[in-house]
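First the structure, in the form of C-alpha cells, and then the observations on it.
The structure displayed is predicted, hence computed values, not measured ones. Counting begins at 1 with the first residue of the sequence.
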Amino acid sequence: MKNNHKTLSQFRFKCSTLSLVVGQMLAVTALPLFAAPQQNDNGSKTDIEVIAVKGTYSKSLEKAVDLKKLNLGFSDSVVATDIADFPEQNLAEALQRMPGVTIERNKGLGSKVNVRSLPSDFTHVSINNLATASGSGGRDVEFDIFASEIIQSVTVKKSPTAADEEGGIAGSVAISTARPFDFSERQLVLSAEGAHNSISEQTDPKFSLLASDIFGDWGALVSFSKAQRSNRTDSNSGINFRPMGRFLEASGTRSTQAAAVLQRDAGVTVKNRLDKQETSRIIFQDKVGDRLYLNEQDKWGATASLQYKPDNNFSLTFDAMLGSYQSNEDEYDAAAYSASSRSTLETIHAYDKDTLAQYGILVLTDVSYTATQHEILSKERLNETDFTQYSLNLDWKLADWTLTGLIGFSGAEKTADYANLKHVAYAPSRTRYTQNGGETVVSANPASIDMYNSPAKYLFEAYETELEAVQDDKYAAELNLRRDLSLSWLPALSSVEFGARYTDKSKERDYGALKIQGPKAGDASWVNKRTMADSELALVTDIMPGGAYRPKDLNWLQVSNSYARDFFRYDGFFTPFQPDQYYRVDEEVTALYAMTNFDLTLAGFDARLNAGVRAVDTSVLSFGYHPIQKPDGSTGYTETPVSKDGSYSDVLPSLNLTVDLTDALVWRTAASETIMRPALTDIAYKRTVSWSGFRFKDGNPDLTPTQAKQWETGLEWYLDDGALLAASYFHKEIDGVVREALTGVVKNVEKRNANGTLDGYYDFDVYQPVNADGSYKVSGLELIAQLPLNMLSPVLDGFGINANYTKLDNSLTGASDLAIPTPPEGLADSTYNFTLYYENAGFDARLSYNYKDKYVEYIHLNMYPVYRDAYGQTDLSVSYALTEQLKLSLKGINLTDEATSGYTLNPAFPTMNEFSGRRISLGLRADF
C-alpha cells in the first residue's frame, strides 16, 4: 500500500527545495552550565561571569534569574544542574517546578507539559531552535521520550517576539543541548543510579556520561544517557455515569422492566422514555474496573556537537540528537459493565436525589442488574519511538551586522502494537459506589456469580490486535540579519532585524486492527466455546511483580500476556493496515518578519522596547482514502488516497517593553497575537462512513489556526544572591477552537443491501472539524518568590526557598448537552510549587511540593463533566560531595505515596482511585 502512496504526483518531499531565507531568531534559550557571552532580546551582547555550578542548586537558580532579568519579554529558565539534580523520571517532571508549568500524568509518570494549564498542543516545543517532531497524532510533544540528563537548559517563553517561530498560544519551550564552547576546560561527567519502586518492588538502573574538549578553534562534545524504569500502577477506575435511556429506549421487556423498577424502588415515573433531557438525568453506574498496570521503559538518548569558533565573532556548529524510547505495558482488568446489551434493572437498593438536585439529576448508587457483562481482559501495549535531529547553526558578526542561520531536520518514527485477550461472562450482579470508587459483588439472584473467581464461566470472545505506525519528519531553514544602529536623528533605535524561515513538515500514519477467534486465520471456532479455564491461569498479583492489590483486598485469576501472545498468535499471523485509517499530511510554512529594538528613556527611566511583525503563509496537502460500496453490496475504498489542498495566512504583531524603575525593580509589559495550528488528525482528509446512519465523517484541510490576542504586565524585584520577587497578570482571548460540526450534505448517495441489490439513494450528512465561532478568555495571576533565607537572618545561612503560584480565571463553559456549567477541559484554577533547600560544605538537600488543582479531564457522553481531583506530590533530594569529584545522592519521588483520584460532577461519585507508589533512588556522580 505504501508504494502506491509514494507514486502519487501530489506527494512532495521538500528536503531538496530547502533554501536559506532572511531573518533572525530571537527565541531565548537558557544559559548553559558555564555561561559565555549571550545575546539578549534587543540584540546586544552581554557578558555574564563564567560560573561552574557543578551540582550547586542555588547557583543554577542565580543563573536562571540572570536570564530572566536580561530577557526583554516574560520567560523562565532552568539550567543543567537544576534538571540533572532534581528528582525526576523524565524531562516533563523536571519542568513541572517552573512558574505556570504543570504536567499531565499517565499512571504516575509525567508525559506532557501544560503552560498556564492550556492544553499541551497549545505549547510550541523546539530543541536547539528546531521545532520538535512527535510520534503523536497532534502537535503536542511527548516529553517522556527525552532523558533529562542530555538536556543542558530549558526556557519557557510566555511573550513572543516577531522573530520567534509561531505555534504556541500557551507559550514556547526552548530546549538546548550542550556545546563544547559552553565549557572553559575539558569535561568528563559520569553518573549512575539505581531506583526502587515501592509497588513493583523492582530496582532499575540509569547511567549517563558527558565528555567535552576544545582543540584550538575546534570543540567536540558527546553525551549519552540510558535508563530503565518499571512502574506498577493499581487502579480501581473506569467508573462513570450512564443515562437511563440505555435501558428505557431498549426494545421488549428491558424497557418496561426498567420503568417498573424505577417506579417501584425509587418512586420515579418516566413520562417519555425517548426524551433524552428526562432520561439522561436518571443515572446509573456504567461499569466498574479493577486494573493492574506494569509499565516497563527502556530509553536512551545521545547528543553530539562539533563546533568551529575561531573567535567571538564567528561560530559554526553541528548538533545531533538521537534517542529511542521503548515502553512495554501489561494491563490486567476485571471489569463489570452494568449497561450490557442484555441487561436491565432488577432491584434498586439505594439512590441519591439530593447531591445533584440543582441539575435535576437522580443517581442510582446501589443496583442489582439482570445480566451484567463481566470481562477479564489481558492487554499488552508495545510502543517504540525513535527520535533523530540534526542541525547546522551559523553565527557571524561583521562590524555592525550579525548573520545567523540554521538548516536542520527533526524526525520521529513511532510504532504501537496492541493486543487484548477478552473473556466475557453474562450474569446477574450488584454494582455500587464505595468511598473511593466502586465494586461489583454477587447479587441475591441465584444465577449471580463471583466475577473474580469463576474462570469456567468466562467464554472466549476474541484476541484483538491493533498496529499503528507514525512517521513524522520536519525540515527547516532560516537566515537572519541584524543591523546595529547609531543614528543621530533617532538615537533610541539601537538595531533592526529582518528575516524569514521555511519549514516543511510531513506526517504519515497507518493503522490496522484484527481479531483472532480461532486457531487459524478466518476460523471462529473458539467463540463462546473456549473458556478462560482452558488457558494457563495465575493470580494477577503473581503475574505482576510486587505485592498485594492496593485499592482494596482483592485478587483474581488472569491469563498472562506472554502466554496469550505465544498461544493465540498462530503461525503467519500479522495485523494488516486498514485503508480507511491511513492519512498523510504535508505542510509548508514560509514566515517573514521585521523587528525594531529601542533603548530609550520613558518618564526618566531607562527602557528597552521591541516591536515587530511576523507574516506567515501556510499551505497544506492532505491525503486519505474514501469509502465506497461495490456492486455486490460489500464496502471498499478508493484505489488511491484522495487529496485536498488547504492554505491560510496570518500576520502576527508583537511588542515587548521593559522599564528599569530602579537597578533592582523592573516593570515589564507585552502584547502579541499568536496562533496554534490544528492537529494533523483533524486536517487529514480521510473519510469514515456510517451506512446505516447516513453519515460521513471527514477531516478538514481547510481548518485555520486557533488564534489568541494576549497581553501581560508585571513587576520583578531583583535582590542580592539570586533573590527574586515577581508578580504578573496575563490575559488571553482565544478564537477559532476546533469543534466537530455538520458542514454539508452529499445528495443521492447510492446505498446497496448486503446481497448487492439496490437499497436506494439517500442524502448523507457530512461532519468535519471546524473552527468554532466565538471566543473565550483566560486570565491569570502569576507569583514568584526565590529567596536565600540568610537575607533574613545569618542563622538561616544555606537555607532558601523557590516558590511560584498561578491562579487562572476563564469565561468558557464546556460543551454539556445537559447545559451543566463546565470549565474548559484541562484548565486548573490554581497551581503552585514550593521548594525548601539547604546547601552547606558539600551537603545539599531539597524538599519540594508540587500542586495542581482539580480540572475537567473530559465530558463523558458530551453530558457529564469528569474531574481529575486536585493532586499534590512531595519529592526529596539529598546529596553529599564525598570528594571534589564524587557526589553521592539520595532522591525520593512521591514520598507520601499519594493516590490519583477523580469524580463525575461531585466527589460523592468517584471515577478512579489509582496508586503508582513512591520511588527511591541512590546515585553516584563523578566530575573530572
Taking atom [atom1] as the centre, does [X] end up with more than 12 heavy-atom neighbours from other residues, nucleotides or ligands that are less than 6.0 angstrom away?
| X | atom1 | value |
| --- | --- | --- |
| N272 | CG | yes |
| K552 | NZ | yes |
| K854 | NZ | no |

Problem - Validation row, ring centre Y549 to ring centre W556 under 6.0 Å - result: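 Yes: the rings meet the under 6.0 Å criterion.
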
Between [Y] and [X], is there a side-chain donor-acceptor contact under 3.5 Å, judged purely by atom types and distance?
| X | Y | answer |
| --- | --- | --- |
| Y426 | Q373 | yes |
| S443 | S368 | no |
| Q285 | S338 | no |
| S230 | S200 | no |
| N236 | N913 | no |

Quick one: does any side-chain atom of [X] pair with a main-chain N or O of [Y] as donor and acceptor, under 3.5 Å?
| X | Y | answer |
| --- | --- | --- |
| R246 | R242 | no |
| S343 | A371 | yes |
| R509 | Q581 | yes |
| T434 | E439 | no |
| Q257 | L345 | yes |

Note: R273-E249 ion pair, threshold 4.0 Å (strictly below):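 Judged by the 4.0 Å cut-off on N to carboxylate O distance, R273 and E249 do not form a salt bridge.
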
Which atoms form the tightest heavy-atom contact between [X] and [Y], and what is the distance?
| X | Y | value |
| --- | --- | --- |
| G736 | N771 | O-ND2, 2.9 Å |
| S327 | N295 | OG-ND2, 3.1 Å |
| H374 | A427 | CE1-O, 3.2 Å |

Distance under 6.0 Å and angle within 45° of the ring axis: does [X] meet both against [Y]?
| X | Y | value |
| --- | --- | --- |
| R254 | F247 | no |
| K807 | Y805 | no |
| R232 | Y293 | no |
| R381 | Y418 | no |

Assess whether side chain to side chain contact (heavy atoms under 4.5 Å, CB included) is satisfied between Q707 and I169, documenting all intermediate values. CA-CA 7 Å; Q707 299 180 324; I169 284 179; 5.8 Å; no

Using the six-membered ring wherever Trp is involved, compare the ring planes of [X] and [Y] and label them parallel, tilted or perpendicular (cut-offs 30° and 60°).
| X | Y | result |
| --- | --- | --- |
| F241 | Y864 | perpendicular |
| H860 | Y858 | perpendicular |
| Y849 | Y832 | tilted |

From CA spacing to verdict: salt bridge (charged side-chain N to carboxylate O under 4.0 Å, His left out), R550, D897:
CA-CA 11 Å; R550 292 286 304 278; D897 197 14; 2.7 Å; yes

Exercise for review: Evaluate the side-chain proximity of K777 to I734: yes if any heavy-atom separation is below 4.5 Å, no if none is.
Suggested key: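 Result no, sub-4.5 Å side-chain heavy-atom pair not found.
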
Verdict with reasoning, Y851 to F834, per ring pair (Phe, Tyr, Trp, His ring centres under 6.0 Å): CA-CA 9 Å; Y851 174 86; F834 180 86; over 10 Å; no

Checking V367 against T347 for the side chain to side chain contact (heavy atoms under 4.5 Å, CB included) test, could you report, in this order, the C-alpha distance in whole Å, the side-chain angles of both residues, the deciding distance, and whether it holds?
CA-CA 6 Å; V367 179; T347 304; over 6 Å; no

| field | Candidate list E914, E331, E375, test salt bridge (charged side-chain N to carboxylate O under 4.0 Å, His left out), partner R291, passing option | value |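 Testing R291 for a salt bridge (charged side-chain N to carboxylate O under 4.0 Å, His left out) against E914, E331, E375 leaves exactly one candidate, E331.
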
